Amino acid sequence: MKKILNDPFAYADETLEGMTLAFPRHYAFAAESRRVIVRPSGAIRGKVGIVTGGGSGHLPVFAGYVGAGLLDACAVGDVFASPSADEMAIAMRAANGGRGVLRLYGNYGGDVMNFDLAGEIVEMDNIESTTVLLADDVASAPRAEREKRRGVAGMVYAFKIAGASAARGDDLAAVTRLAQKTADSVLSMAVALSPCTVPQAGKPTFEIGEIEMEIGMGIHGEPGVTRGPLAPADSIADSLLDPILAEQGPGKGSRVSILLNSLGATPAEELFILYRRLASRLAEAGVTIVRPLVGRYATSMEMSGVSLSVLRLDDELEPLLAAPADCAFWTVA
Amino acid sequence: MKKILNDPFAYADETLEGMTLAFPRHYAFAAESRRVIVRPSGAIRGKVGIVTGGGSGHLPVFAGYVGAGLLDACAVGDVFASPSADEMAIAMRAANGGRGVLRLYGNYGGDVMNFDLAGEIVEMDNIESTTVLLADDVASAPRAEREKRRGVAGMVYAFKIAGASAARGDDLAAVTRLAQKTADSVLSMAVALSPCTVPQAGKPTFEIGEIEMEIGMGIHGEPGVTRGPLAPADSIADSLLDPILAEQGPGKGSRVSILLNSLGATPAEELFILYRRLASRLAEAGVTIVRPLVGRYATSMEMSGVSLSVLRLDDELEPLLAAPADCAFWTVA
Amino acid sequence: MSLTTRSVQAGIASVHRMLEAGGHETLTELDGKIGDGDLGITLLKAFRKLDEVAPDLPQDLGQALAACAQAIASVSSSSFGTLLTTAVLSAAKELKGQQSVPWERLPALLQGAGAAMAKRGRGNLGDKTVLDPIDAAASAALGLSDAPDILAVMRHATQQTIDRFRDRPNRLGRARIFGDRTIGLDDPGMVAFKLMLDGVSG
Amino acid sequence: MSLTTRSVQAGIASVHRMLEAGGHETLTELDGKIGDGDLGITLLKAFRKLDEVAPDLPQDLGQALAACAQAIASVSSSSFGTLLTTAVLSAAKELKGQQSVPWERLPALLQGAGAAMAKRGRGNLGDKTVLDPIDAAASAALGLSDAPDILAVMRHATQQTIDRFRDRPNRLGRARIFGDRTIGLDDPGMVAFKLMLDGVSG
Ligand SMILES: Nc1ncnc2c1ncn2[C@@H]1O[C@H](COP(=O)(O)OP(=O)(O)O)[C@@H](O)[C@H]1O
Ligand SMILES: Nc1ncnc2c1ncn2[C@@H]1O[C@H](COP(=O)(O)OP(=O)(O)O)[C@@H](O)[C@H]1O
Ligand SMILES: [Mg+2]
Ligand SMILES: [Mg+2]
Ligand SMILES: [Mg+2]
Ligand SMILES: [Mg+2]
């Protein structure tokens, strides 16, 4: 797979520079670091701040979701690598509007350690902070070891719901509780068809045969559950949905939102082909789909494959999902 | 490149079915054909209707742009193939709110013939109609033979501006004039890095070396202007911009919008890397960029590459570009 | 002997047989080189559909050909399919209300069809498209009255036209964009016309 | 002989030399098999930066090590880098205000660093990470007072730990997800610790 870039070591930096140039109403650099993206308006006084952070190469995740009704600041690492604790601390300070800061990010070792370290750093500044980790990838550990699971596309729901909670003026405890509730209510499952190339590494993250796919593979190419011949779309849809339903079991009459997400190269056409099957499976099960998201919400550059996230809704979460939000990649009006 | 599908011959049909299931507030089938997408609310009385049509495989182009402030109906062909004149006639009838219908689509032989035929068919129904062809691809013919150029991503601007004109109540002549003005004010140029596969054909649309790119290649793999080694991002940006500036020459102080479009697999990160360079080149030339679009607006499934479209703005076009619009792929609020 | 709905039915059957026997592959290959490779399938789908509707065609030649045009339009929308629809429609209009016409009208009908196609496709003679052999075949056969003679003359003129254009570049349709790379290659639409004439001839 | 800022500077120089001489490639390769392949680069960047700040380190061991921790943090954020920052910070806290400490405190300092790392990374002994050889090396060297002895015993204990864990699966970090496929492979972080000890030893 070929890439359009100048210097592989400047891939993340130039990406962020382009983002701030293209969308200056949405994204600005923090004064202290060009690896921290903040809202151009600065921290909002009296609002709980929400920060995230993680590696580059997943746009719109992570920095793309800085915006109204969403996040306040984001620390950005190199491709697929954690940002530093320094940068995370800068992001937390930038997001602080005086009512505390929620750290909301995916469960990856490096990110967790650095965010913990950052939390200790900003405590010295008297910024109150909480943490909610997304660990929605069912393929990455059995239910019994849930806390070891990776965070994947399901985090988009957490950004949206926590963002809406903060935007309406909830306090840190409430925003944190709703973010945690979302994290506990969403499960994801992915299938990978072909790899992407980390610019600094210069070679694909994994190898896979011309007619193979891997169910449960991670967004950085971490091995999945089964590798087998490329199946028809309907059977792929089932492979994504079945393990989620098995664990989450939304009953007849329940309401869910689903995010059917391209990892990058897989076109919208193929997402819709999969969606048909998912819609009919869920209708059969008596489950109503609310505000589905179909598109590229959490990617791995040019990787080919899809992920499915299912969020169980209730009367508390559903209005927050519907609340207005605005970033350069996603507008809920 | 691998594809997620069931039956290659049902690729277009299943795509449309998924679209209508996922976004029933945005897309519905016409009563007479499942190859025609209309607004679920039906034709809007007293509004000029806008229809488009073309092959599948380019989402959001074409059917994705049916929506408020955009298009009213779209006839959809197989992947990269024209819809039939029958389907186009159905789309025109569905879009007719009594004030006439504009046919707004890309300059491809089959589409033109079929839309002409469709126009003759609906004339019998006393539906007044006009045609505006997009022919924005500078690589596809020299300036002297402009009318032979293909229509590519620039058509998104025409959908937006004509859509806004119709939405505010302009008559058919005015909507047509503004669509034509947009068509005359936009130029595009593309670079392709790797091909896509038409499901029914089962093999890539073209072949290209592992470190090659082709400047000026068409969205169906039509040969371009030059093929050469994969260049650095900044030099690719120049290759896209230079021929457009040479022909369009926006002077110091002029205002343009630019659409930097991924053909499918090329990730957002790489669009932003290119954007940096474009922004600095245009700033140097004293040209102001207004409302840039960066993302996937006109694709060729999983093809890797990008296109650049530059639209010259004036006081008449700029507010129409900023007017509200809403489809499942793009919201201007 | 004159041209009737039966002749139309027989013609459909022969061309269909020729295509199923492999004729469509030749076209696919040619169109694959300088186009999107769908010409064989386009014609195959058209003639399969025509074969379906053939038994029920009315005696009125105009109505029969109009039904044929609609059949083609319903299954195919690639350029050649639309041009074929246009051509058949043009003949349908000419023959409205007639159940039988002398064969000698065929060349003029073909000329009229060619003109309709040129209008529809905004094409000109010399662009290296199906228009060129149609014009050549029709002109050459004007005045002849015997079906086998007409077909023989048309086939000869068509082959001559293909040969004459081989070393020129395509100037219309998808192939145009390939420019000089089309030099030395036969235009797929011309060859399609030739194959249809061959098919009808036996 | 005792541990001073000069010893820290000398240690940095030796490890840096070892990494530049190719040590980082070993780590990259190992981490490439069961991780993201960045461990070699992470260490190289850390030690290049340390080498930059080394000449200006203050005599106060606590301050010197705090500066080292900050240097590592500023260039590296992958797990090992963060753990290394954490380890060095823990020693910095212990040694605040001291310009020289006897070598025999080294094992206990290492034990404290290991504990800080375990807390930071939510890890346990037995997970097959760098924590295991650190604990083994520190325990084995407790009570020794001579620098060469301490290093020799630590290197031995580290190698033993690597050997002992080789046929167990990784249970923490990126490698965990590879499950049984990590059996038979050395943990990259353990090997990194071993290489650093080797480097310091000469
Ligand atoms: N505008 C046109 N006018 C006349 N003939 C045309 C035109 N466009 C294409 N053709 C003919 O049709 C042939 C290709 O047919 P087809 O494969 O159906 O086209 P496409 O797939 O490009 O729509 C060409 O070889 C040419 O002879
Ligand atoms: N949570 C942890 N606790 C202790 N050691 C860890 C932890 N995570 C990783 N390691 C160690 O770090 C090594 C990998 O370091 P590194 O390549 O920097 O990690 P990554 O690139 O996955 O962030 C592992 O081999 C292991 O020894
Ligand atoms: Mg063709
Ligand atoms: Mg075609
Ligand atoms: Mg690593
Ligand atoms: Mg790493």
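Just so we're on the same page: letters track the sequence lines, and every chain starts at 1. Note that these values count all heavy atoms, side chains included, but never hydrogens, waters or copies made by symmetry. Small disclaimer: the values here were computed from a predicted structure and weren't measured.
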Within a 6.0 Å radius of atom CD on C:Glu94, are there more than 12 heavy atoms belonging to other residues, nucleotides or ligands? no

Flag if over 12 foreign heavy atoms under 6.0 Å of CD, B:Glu147: yes

If you count every heavy atom of other residues, nucleotides or ligands that lies below 6.0 Å from B:Gln200 atom CD, does the total exceed 12? yes

Those residues of residues 136-143 of chain B that come under 4.5 Å of chain C on a heavy-atom basis, listed by number, are B:Ser140, B:Ala141

Distance col, row B:Glu222:CD vs C:Ile34:CD1, nearest 0.5 angstrom, shows 13.0 Å

If you count heavy-atom pairs under 4.5 Å with chain C, which of B:Leu117, B:Thr205, B:Val198, B:Asp86 comes out on top? B:Leu117

Salt bridge or not for C:Lys119 and B:Asp116, using N-O below 4.0 Å? no

Whether the B:Asn114 and C:Ser77 side chains hold a donor-acceptor pair (N or O, under 3.5 Å, no angle test) is what I'd like checked. no

Residues in residues 173-182 of chain C near chain B [non-hydrogen atoms, under 4.5 Å]: C:Arg174, C:Arg176, C:Ile177, C:Phe178, C:Arg181

Looking at C:Gln111, I want to see if its CD is surrounded by more than 12 non-hydrogen atoms of other residues, nucleotides or ligands under 6.0 Å. yes

Does any heavy atom of chain C fall under 4.5 Å from the side chain of B:Tyr108, the backbone, both, or neither of them? neither

Distance in Å, B:Ser82 OG paired with C:Asp38 CG, rounded so as to fall on 0.5 Å steps: 10.5 Å

Report the C-alpha separation of B:His220 and C:Asp36 in whole Å, then their side-chain angles, then the decisive distance to 0.1 Å, and conclude whether the side-chain contact (heavy atoms from CB on, under 4.5 Å) test is met. CA-CA 8 Å; B:His220 309 111; C:Asp36 57 357; over 6 Å; no

Working to the nearest 0.5 Å, report the span between CZ of B:Phe9 and CD1 of C:Ile41. 6.5 Å

Using a cut-off of under 4.5 Å on heavy-atom pairs, state which of B:Gly218, B:Gly55, B:Pro83 scores highest against chain C. B:Pro83

Sort B:Pro223 into side chain, backbone, both or neither according to what part of it lies under 4.5 angstrom from a heavy atom of chain C. both

With only heavy atoms counted, which part of B:Glu120 is less than 4.5 Å from chain C, the side chain, the backbone, both or neither? side chain

C:Arg6 CZ: over 12 foreign heavy atoms closer than 6.0 Å: no

Return yes when atom CD of C:Glu29 has more than 12 non-hydrogen atoms of other residues, nucleotides or ligands closer than 6.0 Å, and no otherwise. no

B:Glu145 with C:Arg171: basic N within carboxylate O range, under 4.0 Å: no

